[in-house]
There are 2 protein chains.
Amino acid sequence: MNRTVNHKPDYEKELRRAGARITRPRRTILQILAQTDDHPDAMEIYQRASAIDSTISLSTVYRTMKLLEEMGAIHRHAFEGGPSRFEQASGEHHDHLIDLDTGEVIEFHSDRIEQLQAEIARSLGYEIVHHRLELYGRKRRKS
Amino acid sequence: MNRTVNHKPDYEKELRRAGARITRPRRTILQILAQTDDHPDAMEIYQRASAIDSTISLSTVYRTMKLLEEMGAIHRHAFEGGPSRFEQASGEHHDHLIDLDTGEVIEFHSDRIEQLQAEIARSLGYEIVHHRLELYGRKRRKS
DNA sequence: CGCCAGATGACAACCAGTTGCAAAGATTTC
DNA sequence: GAAATCTTTGCAACTGGTTGTCATCTGGCG
């Protein structure tokens, strides 16, 4: 088990390669993404983008996130009781621990768990396409 | 790892104990729940209930499910890309494997995984309140 | 520079779910 | 068992997150 670390890829290049145009709104949104290390939702991205370019619309944020998602550049996570939150797809796969008090998202990875999941699926006659593992918890009171 | 098995508790008694009234709509919904072993969503429950008593409203289904959920009698699962689905809370905790082709939900449980989750959370300074583990997969082609 | 498919902003529509409200129903009290 | 009381219901309107529509705009090639 270990925390994962992110490094940002060049989304602009990726977008271009996907045949998409580099527009002002997109550049702005990419800039937000490059500056962030947390897991913002669409509204947060919209607000941060608005501060840079007030003409950006929320629809464009959603459209851009969807585009990036389809390109595999970002991941969308629908954590319990809230809007979807996005994260860079860079780095290896990981799961999430959500702090119930702050909403903070901590990434972790466990090969053992992944392996057990695959075993279970196999024993039930299935092949895993993807999975979702989310731990919801609170900081332990260090007494 | 093993499949879990359900047996139905007496929801009517539980409702009464919680100080709620046993009304016709509620009785109908409970009857549906008693008859089902799958993981229906609100609309499915509504439709099955309508067949018995066509005057039932969808709001009442939602309200009743929420009530039962608060009583701990049922669990609500928000699987990917669809409405919440409900299941009896009877039996021990388990996780879910969702068949991507059919939507079928298979229950499983792994003490090893649970244990690893707790270890991970602890090592990150957290205490798990609850978790969500869902495997999304397809039946293996038995070649 | 001019073109035009692709992208945008504004806003309507959508979906799952919730809520306000007046009427109907379940329990309790006598 | 009827009245009083308090809960629940059906309906319609509303919500929050997200997607669709469409007239207008613009990036990037020629």
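Using bins of under 30°, 30° to 60° and over 60° for the plane-to-plane angle, the ring pair A:H77/A:H39 lands in the tilted bin.
Atom NE2 of B:H77 and atom P of C:dG17 are 14 Å apart (whole Å). One atom, CZ of B:R16, and another, C1' of C:dA26, lie 10 Å apart when rounded to the nearest Å. Rounded to an integer number of Å, the gap from A:Y62 OH to C:dC14 C1' is 13 Å. In this structure, A:E69 atom CD and D:dT19 atom C1' are separated by 13 Å, rounded to whole Å. Atom-to-atom, CD of B:E12 to P of D:dT8 comes out at 14 Å; the value is rounded to the nearest Å.
Residue order along DNA chain C, read from the 5' end via each residue's closest nucleotide, puts A:S59 first among B:S59 and A:S59. Nearest-nucleotide mapping onto DNA chain D: of A:P83 and A:I22, the residue sitting toward the 5' end is A:P83.
Taking every heavy atom of residues 38-58 of chain B and every atom of DNA chain D, pairs under 4.0 Å involve B:T55, B:I56, B:S57, by number.
In summary, the aromatic rings of A:H93 and A:H131 are positioned with their centroids under 6.0 Å apart.
Across B:R26, B:Q88, B:Q31, B:R27, a single residue satisfies side chain to side chain contact (heavy atoms under 4.5 Å, CB included) together with B:Y11, and that is B:Q88.
In this structure, CD on B:E134 lies 5.0 Å from CD1 on B:I98, to the nearest 0.5 angstrom. Interatomic distance, B:I52 CD1 to B:I29 CD1, rounded to the nearest 0.5 Å: 10.0 Å. Atoms CD1 and CZ, on B:I128 and A:R138 in that order, are 13.0 Å from each other to the nearest 0.5 Å. Distance check, rounded to the nearest 0.5 Å: OH of A:Y126 to CG of B:D101 gives 8.0 Å.
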Please list each protein N or O that sits under 3.5 Å from an N or O in nucleotides 1-7 of chain C, with the distance.
unit_1: C:dA5; atom_1: N3; unit_2: A:R21; atom_2: NH1; d: 3.1
unit_1: C:dA5; atom_1: N3; unit_2: A:R21; atom_2: NH2; d: 3.3
unit_1: C:dA7; atom_1: OP1; unit_2: A:R26; atom_2: NH1; d: 3.1
unit_1: C:dA7; atom_1: OP1; unit_2: A:R26; atom_2: NH2; d: 3.4

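Inter-residue side-chain proximity for B:F108 and A:L124 is flagged as met; some heavy-atom pair is nearer than 4.5 Å.
Listed pair A:K66 / D:dT18 fails the phosphate criterion, with no side-chain N or O lying under 4.0 Å from OP1 or OP2.
Using a cutoff of 4.0 Å between basic side-chain nitrogens and carboxylate oxygens, A:R140 and B:E127 are not scored as salt-bridged.
No contact: B:R27 has no heavy atom under 4.0 Å from any strand.
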